[in-house]
Number of protein chains: 2
Amino acid sequence: MAKQGETAERILAIAQRMIQSEGYNGFSFRDIAAEIGIKSASVHYHYATKGDLGAAVAARYAARFVTWLERIVTEGRDARHRLILYVGLFRAAVVEDGRMCLCGMLGAESESLPLEVLEEARQFFTRNLAWLGNVFESGAADGTLIFTGSSEDHARLTLAALEGAMVFARVNGDPASFDQIAETALARYTR
Amino acid sequence: MAKQGETAERILAIAQRMIQSEGYNGFSFRDIAAEIGIKSASVHYHYATKGDLGAAVAARYAARFVTWLERIVTEGRDARHRLILYVGLFRAAVVEDGRMCLCGMLGAESESLPLEVLEEARQFFTRNLAWLGNVFESGAADGTLIFTGSSEDHARLTLAALEGAMVFARVNGDPASFDQIAETALARYTR
DNA sequence: GTCTATAAGATGATAGAC
DNA sequence: GTCTATCATCTTATAGAC
């Protein structure tokens with residue numbers, strides 16, 4: 001969590017975008033270098049191996065996500081409102097930028113990932129499910145989210161639907177289908 | 001749809017498994033050749049380019065899926081039963097073999113795919129959503145599936161949840177989470 | 001149908017100069 | 001921090017012999 005240099009930061013941002021667009025196996029150090037206007041050897045100076053870079057990207061993504069989650073806890077009026085804001089995090093990636101969730105992409109590619117990258121993706125899901133589980137639990141308590149069964153189960157179902165919805169939106173080049181799925185998923189919890 | 005030679009068939013099967021495991025960008029003609037015990041030039045004899053091979057794999061997968069869907073229509077006692085059998089198709093891939101849905105993987109990788117491959121993945125989703133939409137429609141009619149909103153919306157939501165559930169199961173190496181998500185999703189449709 | 005041989009380029013990574 | 005140079009290897013793909 002130390003402060004990052006200017007170039008190291010740009011590398012992370014570009015690598016993240018490329019993984020979200022083409023997948024972990026779909027980008028190279030040369031691609032990144034070309035976009036910045038440096039050579040691939042310079043990228044290796046900042047991140048020794050591709051596994052190191054991938055793990056750093058995933059860790060940064062997960063950490064930022066945690067920050068956003070904390071903000072939602074502050075801003076969300078009630079559990080239902082928090083859930084809506086949560087959906088907005090995913091919506092931003094796919095609808096505004098046409099990208100997958102970074103960890104959804106990495107999750108699909110699990111088997112071809114270096115272990116250190118996979119481990120970061122795992123933590124993303126673990127943390128998100130814990131947070132979402134709390135939202136459903138407080139939703140059951142404050143009456144803004146109606147469901148039967150455990151809050152953990154509905155946290156899983158909701159996150160799975162969001163990840164799947166991003167795949168849909170991309171394969172059809174139709175961001176609106178993400179919104180449609182998200183709305184149908186949320187509608188089930190009111191009334 | 002002409003009859004395939006022995007080797008051509010093996011190539012398709014191996015390529016499919018590799019795409020489901022490592023992704024389209026995670027396998028090479030050499031990988032396939034090595035597993036069969038031939039040279040990569042021989043793979044090129046059967047499928048001139050990687051795009052050709054990828055499109056053939058996706059087309060075969062989608063065609064087989066259609067066959068399975070037809071069988072479900074025959075075997076399914078009612079709409080709810082058909083939906084349960086449908087979930088079983090996805091379950092088989094992830095729980096028994098630890099693989100992604102082929103088209104879920106391709107959908108995530110959309111942006112780095114040759115157009116002919118993407119097009120086949122698209123058709124898979126289109127056909128599945130049409131079929132699932134019919135299931136929900138008849139479920140509303142025969143009373144075995146209870147929901148508010150359109151059958152198309154619930155078809156989308158269900159398929160999205162299944163695709164997402166496969167990502168979960170793989171990232172955690174925990175097939176049981178697929179079952180948990182699928183059950184939670186189905187439970188919502190029986191009152 | 002499969003092979004050898006080969007091309008032409010990409011890839012992850014390193015050594016050492018500036 | 002960035003460069004040049006280089007490496008060994010992999011990748012998709014083709015030509016032509018068997």
Side-chain angles (χ1 to χ4, degrees), chain A residues 2-58 105-106 109 111-120, chain B residues 2-58 60 105-106 109 111-118 120:
Chain A
K3 228 173 272 181
Q4 298 278 162
E6 167 76 12
T7 304
E9 179 60 30
R10 290 184 69 189
I11 291 171
L12 286 179
I14 293 168
Q16 179 185 325
R17 199 203 65 226
M18 287 181 173
I19 295 174
Q20 287 180 280
S21 299
E22 341 270 352
Y24 182 80
N25 294 313
F27 81 97
S28 74
F29 273 43
R30 276 183 167 78
D31 294 333
I32 294 175
E35 189 166 322
I36 298 182
I38 57 178
K39 298 295 172 180
S40 71
S42 303
V43 178
H44 277 284
Y45 167 81
H46 294 282
Y47 300 96
T49 71
K50 194 176 181 181
D52 289 341
L53 173 55
V57 168
M105 179 70 90
L106 294 178
E109 291 179 305
E111 257 172 282
S112 58
L113 296 183
L115 276 184
E116 62 268 31
V117 180
L118 178 58
E119 186 49 39
E120 295 292 341
Chain B
K3 227 173 272 180
Q4 297 280 162
E6 167 76 12
T7 304
E9 179 60 30
R10 290 185 69 188
I11 291 171
L12 287 180
I14 293 169
Q16 180 185 322
R17 199 204 63 226
M18 286 182 173
I19 295 174
Q20 286 181 279
S21 298
E22 341 271 351
Y24 182 81
N25 294 313
F27 80 98
S28 73
F29 274 42
R30 270 190 170 83
D31 294 332
I32 294 175
E35 189 166 324
I36 297 181
I38 57 178
K39 298 294 173 180
S40 71
S42 303
V43 179
H44 277 283
Y45 167 80
H46 294 281
Y47 300 96
T49 71
K50 192 176 182 181
D52 289 341
L53 173 54
V57 168
R60 191 185 75 140
M105 179 70 89
L106 294 178
E109 291 179 306
E111 258 172 281
S112 58
L113 296 183
L115 276 185
E116 63 268 31
V117 181
L118 179 58
E120 296 293 342

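All heavy atoms count here, side chains included; hydrogens, waters and symmetry mates do not.
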Between protein and nucleotides 13-18 of chain C, map the contacts as a letter string: B base, S sugar-phosphate only, - none, heavy atoms under 4.0 Å, written 5' to 3'. BB----

To the nearest Å, give me how far apart [atom1] ([X]) and [atom2] ([N]) are.
{"X": "B/K39", "N": "C/dT6", "atom1": "NZ", "atom2": "P", "result": "15 Å"}
{"X": "A/L53", "N": "C/dG12", "atom1": "CG", "atom2": "P", "result": "10 Å"}
{"X": "A/I32", "N": "D/dT2", "atom1": "CD1", "atom2": "C1'", "result": "16 Å"}
{"X": "A/Y47", "N": "C/dG12", "atom1": "OH", "atom2": "P", "result": "16 Å"}
{"X": "A/L113", "N": "C/dG12", "atom1": "CG", "atom2": "P", "result": "14 Å"}
{"X": "B/Y45", "N": "C/dG1", "atom1": "OH", "atom2": "P", "result": "5 Å"}

Report the residue (A/T7 or B/D31) whose heavy-atom-nearest nucleotide on DNA chain D is the more 5′ of the two.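 Its nearest nucleotide being more 5', the pick is A/T7.
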
Backbone N or O of B/Y24 within a donor-acceptor pair of the B/E109 side chain at under 3.5 Å?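 Looks like yes, one N/O pair under 3.5 Å.
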
Over all atoms of both residues, closest heavy-atom pair of B/A33 and B/V43: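 Looking at all heavy atoms of both residues, the closest pair is CB-CG2, 3.9 Å.
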
Which heavy atom of B/N25 sits nearest a heavy atom of A/G26, and at what distance?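 The answer is ND2-CA, 4.1 Å.
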
Residues which pass salt bridge (Lys or Arg N to Asp or Glu O under 4.0 Å) with B/E116, listed by chain and number, not counting sequence neighbours: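 B/E116 satisfies salt bridge (Lys or Arg N to Asp or Glu O under 4.0 Å) with no residue once adjacent residues are dropped.
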
Got a sec, which residues hit salt bridge (Lys or Arg N to Asp or Glu O under 4.0 Å) with B/E35, two or more places apart in sequence or on another chain?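 Applying salt bridge (Lys or Arg N to Asp or Glu O under 4.0 Å) to B/E35 gives B/R17.
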
Residue from A/D52, A/I19, A/L106 passing side chain to side chain contact (heavy atoms under 4.5 Å, CB included) with A/V57: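 With A/V57 as partner, side chain to side chain contact (heavy atoms under 4.5 Å, CB included) holds for just one option, A/I19.
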
Give, ordered by number, those residues of residues 16-27 of chain B having at least one heavy-atom distance below 4.0 Å to an atom of DNA chain D; if nothing qualifies, reply none.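 By residue number: B/F27.
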
Considering just the side-chain nitrogens and oxygens of B/S28, establish if one lies under 4.0 Å of OP1 or OP2 belonging to D/dT11.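 Answer yes for this pair, as a side-chain N or O of B/S28 is under 4.0 Å from OP1 or OP2.
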
Counting any heavy atom closer than 4.0 Å, what does A/S42 reach on the DNA or RNA strands: base, sugar-phosphate only, or nothing?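 The answer is base, as A/S42 lies within the cut-off (heavy atoms under 4.0 Å) of a base atom.
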
If you round to the nearest 0.5 Å, how far is CD of B/E6 from CD1 of B/I11?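 So the CD1 of B/I11 and the CD of B/E6 are separated by 10.5 Å.
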
side-chain contact (heavy atoms from CB on, under 4.5 Å) partners for B/A8, two or more places apart: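 Residues passing side-chain contact (heavy atoms from CB on, under 4.5 Å) with B/A8: B/Q4, B/H46, B/Y47.
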
Contacts of B/E120 that satisfy side-chain contact (heavy atoms from CB on, under 4.5 Å) - sequence neighbours left out: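 B/E120: side-chain contact (heavy atoms from CB on, under 4.5 Å) contacts with B/A55, B/A58, B/A59.
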
